[in-house]
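Single-structure report; data block below.
Since the model is a prediction, treat every value here as computed from it, not as a measurement. Residue numbers begin at 1 in each chain, while the letters A, B, ... track the order of the sequences.
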Amino acid sequence: MKVSRRTLLKGAISGATVAAVGAPHFFIPNPAFAAPWIEKGGKIKVGVLFSQTGNLAVVENDSTQVVLYAIDEINANGGVAGMQVEPVVVDAKSDIKVYSEKISQLILRDRVISTFGGYTSASRRAVAPIVMARDHLFYYPTCYEGRECTQNIINTGPLANQHSQDLIPFMVENFGPKVYLIGSNYIWPKESNKNAKVWLERVGGEVVGEDYVPLGGSEFTPIFNKVRQQQPSFIFSTVVGDSDIALHKQYLQEGFKVDKMPIASLTTGEIETRAMGAEAGAGHFLSAPYFQTMENPTNQRFVEGYLASKYGGGGVTHYNMEETYLSVYVWKHGVEKALATAGDIEEVTPRMIRDVSGNIEVGDDISPEGRVWIDPDNFNIWLKPKIGQCQSDGQFKVIKAADEHVGPDPMSIYPERGVCKADGLHQPDGTVKTSVL
Amino acid sequence: MSVNDFWTPFALLPFLNALIIGISLISIWLIAALGLTIIYGTMGVINMAHGEFIMLGAYSTYVLQTLIGIPFLLCLPLSFLILAAIGWVIERGVIRTLYRRPLDTLLATWGLSLILVQGVRLIFGGEPQYVGVPSWLNFQIQADFIHLSGLRLFIIVMAIVMVAVTWFLLYRTTLGICVRAVMQDKEMAASFGIDANRIYSLTFCYGAGLAGVAGSMFGALKTLFPDMGGGYIVEAFLVVVVGGVQLAGSVLSASLLGELNSIFSYFTNDTFARFVLFTLVVVFLRIRPQGLLAEKMTRR
């Protein structure tokens with residue numbers, strides 16, 4: 001048969017159509033016939049999905065390093081359930097599209113049992129739909145706004161309610177009621193500010209200004225001009241990454257006085273203060289569950305061990321790294337508990353690990369910030385929020401620590417949306433909705 | 001967010017201060033764009049690695065200041081020399097072979113920018129670094145509401161100096177005459193005995209050197225990390241394209257863009273200001289694609 005160009009083209013189009021229609025059925029593996037996630041005699045593969053390049057690399061580079069450090073530590077102590085752990089490290093390049101591309105690759109091609117990743121809510125929300133569609137498991141190891149109720153994500157950082165509850169009353173009491181909100185322009189700062197406003201209202205504070213800069217933006221003088229016009233008692237900052245350093249540097253250059261109008265931040269940790277110079281960081285406040293200077297034997301071991309390891313080139317440990325470190329141990333306990341339930345390691349699935357992770361505890365002997373545990377309903381973490389003040393050497397001094405553990409409440413300012421339970425969001429009308437983003 | 005939250009109410013003194021901030025923004029945009037104007041204007045080379053030259057300038061300041069202990073002010077000319085040297089190597093090694101293929105230059109310089117970013121990351125790591133500002137620049141000029149920090153005043157002065165020196169070199173020296181002759185018609189200039197290749201080398205070195213000085217100051221003012229170049233390249237191209245790829249045009253366009261940005265940011269917010277600005281630029285370039293001021297010159 002002679003094939004003309006036209007028939008060839010027609011064939012190609014119809015072929016592509018068949019493939020496009022057929023492909024989804026073709027590629028979703030049927031769970032009953034799928035290979036086990038963990039094979040006996042092999043290694044347990046986990047995904048490590050952080051940005052090593054781009055403007056989020058400032059923080060996420062450390063996240064990668066600390067996950068690798070934790071995995072080395074676990075492997076050296078006999079691994080998980082007697083098996084070694086093998087990290088599959090991927091660079092997400094600070095690009096939302098790359099996060100969603102790479103999570104598919106990790107799940108489908110590399111067949112990792114779970115993935116650790118992300119520092120911004122934008123990246124978490126990019127991977128979440130894929131993780132949920134595959135019924136997989138994602139560890140989001142840093143603070144976020146809450147407002148979600150998924151069955152496939154475990155979080156080891158503080159929620160907005162755990163941040164604001166102590167910080168806002170503390171600042172209002174010590175510096176005055178007027179606050180200027182400055183944040184990066186994406187969902188977490190906006191939701192955190194909503195939360196902060198609720199707490200402000202309770203203690204009689206008021207918002208005198210609210211501004212957002214694009215991610216990676218580094219020009220704050222127009223905002224500081226308005227700050228000077230409004231004369232707030234303090235600045236509440238949710239600026240992230242490299243922008244945060246420019247914010248503090250320019251605050252200092254503008255000649256603002258830290259004892260008159262300090263910045264209360266949810267993000268400015270040890271790594272940022274080092275890059276901005278201690279003179280720009282000193283005197284400002286940070287709400288976090290962990291600081292490098294915390295005095296307990298576990299933290300001492302963590303700081304010394306990490307900085308001496310090949311991953312410790314950054315020279316500091318900060319709250320985001322510690323939360324990431326915890327997430328690896330939460331995962332380890334989860335796998336072991338799932339194995340105890342299933343009996344056979346080849347039976348363990350990502351969802352099974354998630355379902356047994358409620359109430360999993362990381363004790364004083366491992367957790368540098370002290371004992372923490374996973375909430376059995378919403379799978380966020382119970383912790384003790386602390387307020388630290390940056391000292392002239394760039395390290396933080398704990399000014400105030402909560403006496404009791406504070407529970408995570410993802411719907412704290414959205415009670416009308418319902419209550420988050422393990423099986424889904426229990427809505428006020430009595431229905432249960434799963435995978436709520 | 002209600003309308004009242006979105007619009008900042010007008011108040012005279014803060015508004016005047018916004019105009020002064022605008023001058024500071026102008027100086028930053030102009031410094032970022034100056035080297036690009038020279039290289040693009042003279043050679044027709046669209047240098048995608050310009051932002052990375054700025055980044056390298058910032059890192060040379062970091063190395064000179066932190067690791068060797070040279071004072072900040074001396075770092076500026078040294079960064080100029082270091083970047084001019086790097087520019088010379090790059091011009092000889094890469095750009096020279098691509099003069100007749102402008103699109104390939106675009107790709108080559110973009111590839112170069114990736115190599116430079118990754119190289120710096122390998123050597124210094126991905127985390128941000130610290131460049132100190134000398135203590136004598138830690139002052140503020142203050143008159144009622146009018147407010148300007150010492151470092152920003154210094155950058156404004158430096159912008160004026162850099163433009164003046166560039167103008168002098170281009171319009172008051174024999175070398176400048178040669179450069180402008182090559183700009184207008186390379187073949188004709190060559191027939192008068194001007195070594196066009198040497199002129200290209202020199203302008204590329206000079207443009208790269210200017211980027212180096214820019215980097216030194218930006219490192220002190222903002223954040224110093226391997227990917228910092230990406231933020232400046234957009235502003236620099238905007239200034240150059242709107243200006244019409246020549247010195248006076250760049251000064252004019254930087255002035256317009258900087259002030260507009262500051263005024264919009266004052267009345268609304270920074271994100272919205274950028275949106276308005278980019279929209280205006282798109283509309284403007286639709287009406288006048290050759291830019292604000294465009295010299296008559298041959299297309300290369």
Side-chain angles (χ1 to χ4, degrees), chain A residues 51-62 64 93-94 182 184-185 190 207 209-214 216-226 228-230 241-250 252-256 271-280 313-316 394, chain B residues 1 5-6 8-9 11 13-15 17-18 20-22 24-25 28 114 117-118 121 125-133 135 137-142 145 147-152 218 220-228 230-232 261-266 268-274:
Chain A
S51 296
Q52 289 162 290
T53 57
N55 52 30
L56 292 172
V58 170
V59 179
E60 294 196 15
N61 206 21
D62 286 343
T64 309
K93 300 175 184 169
S94 303
I182 304 179
S184 289
N185 196 14
K190 295 191 173 183
V207 178
E210 184 171 359
D211 255 300
Y212 297 92
V213 289
S218 58
E219 185 59 77
F220 288 92
T221 32
I223 293 177
F224 281 140
N225 186 31
K226 284 185 261 184
R228 193 171 282 118
Q229 189 178 350
Q230 303 296 345
D242 52 309
S243 308
D244 192 26
I245 292 154
L247 172 81
H248 282 77
K249 273 189 167 182
Q250 290 170 26
L252 181 73
Q253 286 156 11
E254 285 292 310
F256 289 125
I271 190 150
E272 284 89 354
T273 52
R274 203 194 41 175
M276 70 182 65
E279 74 270 18
V316 289
Chain B
M1 196 183 262
D5 288 337
F6 186 72
T8 310
L13 286 174
F15 179 72
N17 205 31
I20 289 173
I21 289 166
S24 170
L25 295 186
I28 291 166
L114 297 181
V117 171
Q118 204 56 41
R121 189 176 289 121
E127 67 272 4
Q129 302 293 353
Y130 168 66
V131 169
V133 182
S135 52
L137 277 177
N138 272 332
F139 65 91
Q140 289 81 33
I141 295 176
Q142 196 160 10
F145 216 89
H147 208 283
L148 191 65
S149 75
L151 183 61
R152 282 180 186 265
F218 295 165
L221 184 71
K222 295 177 175 177
T223 319
L224 173 54
F225 66 115
D227 297 276
M228 67 186 278
Y232 297 108
N261 190 9
S262 180
I263 291 169
F264 286 132
S265 315
Y266 172 71
T268 61
N269 59 61
D270 202 42
T271 314
F272 190 73
R274 279 183 175 253

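- The shortest distance between side-chain heavy atoms of A/Arg228 and B/His147 falls below 4.5 Å.
- Both the backbone and the side chain of B/Leu221 come within less than 4.5 Å of a heavy atom of chain A.
- Ranked by heavy-atom pairs under 4.5 Å with chain B, the first of A/Ile271, A/Asn61, A/Asn225 is A/Asn225.
- Contacts between B/Tyr266 and chain A at a heavy-atom distance below 4.5 Å involve backbone atoms as well as side-chain atoms.
- Interface residue B/Leu25: only side-chain heavy atoms are found under 4.5 Å from chain A.
- If you measure heavy-atom distances from B/Val133 to chain A, the contacts under 4.5 Å come from the side chain alone.
- Most heavy-atom pairs under 4.5 Å with chain B, from the set A/Gly216, A/Pro214, A/Pro222: that is A/Pro222.
- Most heavy-atom pairs under 4.5 Å with chain B: of the set A/Ala246, A/Ala275, A/Ala57, this distinction falls to A/Ala275.
- B/Arg121 and B/Asp227 are joined by a salt bridge, as a carboxylate oxygen and a charged side-chain nitrogen come within less than 4.0 angstrom of each other.
- If you measure heavy-atom distances from A/Thr53 to chain B, the contacts under 4.5 Å come from both the backbone and the side chain.
- A distance-only check finds a donor-acceptor pair linking the side chain of B/Gln140 to the backbone of A/Gln253 [under 3.5 Å].
- Note that CD1 of A/Ile182 and CD of A/Glu210 are 10.5 Å apart. Values are rounded to the nearest 0.5 Å.
- Using a distance-only test at 3.5 Å, with no hydrogens or angles considered, no donor-acceptor pair links the side chain of A/Gln230 to the main chain of A/Gly209.
- Proximity to chain B is limited to the backbone of A/Gln52, based on heavy atoms less than 4.5 angstrom apart.
- B/Ile28 CD1 to B/Tyr232 OH: the interatomic distance, rounded to the nearest 0.5 Å, is 7.5 Å.
- Only the backbone of B/Ala220 comes within contact range of chain A, with at least one heavy atom under 4.5 Å from a heavy atom of that chain.
- Judged by distance alone, the side chain of B/Ser24 and the main-chain N or O of B/Ile20 form no donor-acceptor pair under 3.5 Å.
- Panel note: side chain A/Lys226, backbone B/Ser265; a donor-acceptor pair is recorded below 3.5 Å.
- Between chain B and the options A/Ala280, A/Gly255, A/Ser218, heavy-atom pairs under 4.5 Å are most frequent for A/Ser218.
- Checked by atom type and distance alone, the side chain of B/Thr223 pairs as donor or acceptor with a backbone atom of A/Asp242 at under 3.5 Å.
- Heavy-atom distances place the backbone of B/Gln129, and not its side chain, under 4.5 Å from chain A.
- Contact tally against chain A (heavy-atom pairs below 4.5 Å) for B/Leu137, B/Asp270, B/Asn17, B/Val117: the top residue is B/Asn17.
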